[in-house]
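Structure, as structure tokens:
Being a predicted model, the structure only gives us computed values, none of them experimental. Numbers here are sequence positions counted from 1. Quick note: numbers below take in every heavy atom, side chains included, and nothing from hydrogens, waters or symmetry partners.
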Amino acid sequence: TAKYVENQKIRAGGSVMIGGEALNADIYADDAVYVQGKPGSIIGGSVAAKNLVRAVQIGNEASVPTHIHVAYDMKTVDRLREVGHELERLHADEKRIKDAMVFLYKLEMNGKLPADKKEALDQFKVFIKDMPNLIGELKQEQEQLRAKLQLMTEARIVVEGKAYAGSVLHFGGIYKE
């Protein structure tokens, strides 16, 4: 709970309550964010919550960019991003490893493959064999995370007064400017 927040980063496991104004703040709550009282404004920055963001006013007449997110679970979104990066890395590694294996196979066929390179080739073979399982598990997790985000259908943004131009309201993966 705070009366006034400016240029702050706030993370809460429950709800955040601001009694006056949030200016250019980065606020995330696992449940809800309430900005009420006078003037009850969110101006600039980004406010995100899983279930509810309630304010009297979002943005201002100067059209300061103000982002409001609901149906947003920071941990799930972060993990979804990590899984995506891991999938990209695996695909890039697969290509590099296959190229290295071609080189090592050529050495092996010519009888010039050193023992340490033979060990590397054997490890590459195991990695390539396990690759489809790794990718499959990550894709399954990715789908589960996306489904979890889609389940947040009760989330809402309540603006008791005005939402000005420059305000972007995000509902899960959908947004309205």
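- Between Ala71 and Ala155, the shortest heavy-atom contact is N-CB, 3.4 Å.
- A donor-acceptor pair is defined here as one N or O able to donate and one able to accept, closer than 3.5 Å; such a pair exists between the side chain of Gln57 and the backbone of Gly59.
- Between His91 and Ile135, some side-chain heavy-atom pair lies under the 4.5 Å cut-off.
- For the atom pair CD1 of Ile42 and CD1 of Ile68, the computed distance is 4.0 Å after rounding to the nearest 0.5 Å.
- Of the inter-residue distances, the one linking Glu143 atom CD with Lys139 atom NZ reads 9.5 Å to the nearest 0.5 angstrom.
- Residues in residues 58-68 take part in no salt bridge (Lys or Arg N to Asp or Glu O under 4.0 Å) pair, two or more places apart or across chains.
- Between Val16 and Val47, every side-chain heavy-atom pair lies at or beyond the 4.5 Å cut-off.
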Donor-acceptor contacts under 3.5 Å from residues 98-113 side chains, at least two apart:
| unit_1 | atom_1 | unit_2 | atom_2 | d |
| --- | --- | --- | --- | --- |
| Lys98 | NZ | Glu94 | OE2 | 3.4 |
| Asp99 | OD2 | Lys95 | NZ | 3.1 |
| Asn110 | ND2 | Lys106 | O | 3.2 |

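- Val168 and Val158 fall into different hydrophobic clusters, defined by Ile, Leu, Val, Met, Phe, Trp and Tyr side-chain heavy atoms under 4.5 Å apart, directly or through other members.
- Distance check, rounded to the nearest 0.5 Å: OG of Ser46 to CG of Asn24 gives 11.5 Å.
- Put simply, Ile58 and Tyr164 are part of two different groups of oily side chains (I, L, V, M, F, W, Y) that touch within less than 4.5 Å, one to the next.
- The side chain to side chain contact (heavy atoms under 4.5 Å, CB included) search around Pro65 returns none, not counting sequence neighbours.
- Using a 4.5 Å cut-off on side-chain heavy atoms (C-beta onward), Asp26 and Arg11 make contact.
- Shown here for Ile43 and Thr66, the closest heavy-atom pair between the two residues is C-OG1, 3.8 Å.
- Among all heavy-atom pairs drawn from Ile157 and His170, the shortest one is CD1-O, 4.1 Å.
- Remark: Glu141 pairs with Arg79 by the side-chain hydrogen bond (donor to acceptor under 3.5 Å, both in side chains) rule, at least two apart or across chains.
- The two residues Leu138 and Val83 have their closest heavy-atom pair at O-CG1, 3.4 Å.
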Per-pair distances, 0.1 Å, donor-acceptor, side chain in residues 29-38, under 3.5 Å, sequence neighbours excluded:
| unit_1 | atom_1 | unit_2 | atom_2 | d |
| --- | --- | --- | --- | --- |
| Asp30 | OD1 | Tyr28 | OH | 3.0 |
| Asp31 | OD1 | Asn51 | ND2 | 2.7 |
| Asp31 | OD2 | Ser15 | OG | 3.1 |
| Gln36 | NE2 | Glu160 | OE2 | 3.3 |

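- With respect to Lys75 and Asp78, no salt bridge is recorded, no charged nitrogen being found less than 4.0 Å from a carboxylate O.
- Contacts classified as side-chain hydrogen bond (donor to acceptor under 3.5 Å, both in side chains) and involving residues 120-129 (residues at least two apart or in different chains) are given here: Lys118-Asp122.
- Once rounded to the nearest 0.5 Å, the distance linking CD1 of Ile10 with CD1 of Ile27 reads 4.5 Å.
- Leu80 has its side chain within reach of Arg146: a pair of non-hydrogen atoms, C-beta onward, lies under 4.5 Å apart.
- The two residues Leu52 and Ala49 have their closest heavy-atom pair at O-CB, 3.4 Å.
- Residue Leu145 holds its CG atom at 8.0 Å from CD of Gln142, rounded to the nearest 0.5 Å.
- Interatomic distance, Ile128 CD1 to Leu121 CG, rounded to the nearest 0.5 Å: 10.5 Å.
- For the residue pair Ala163 and Val159, the shortest heavy atom distance occurs at N-CG1, 4.0 Å.
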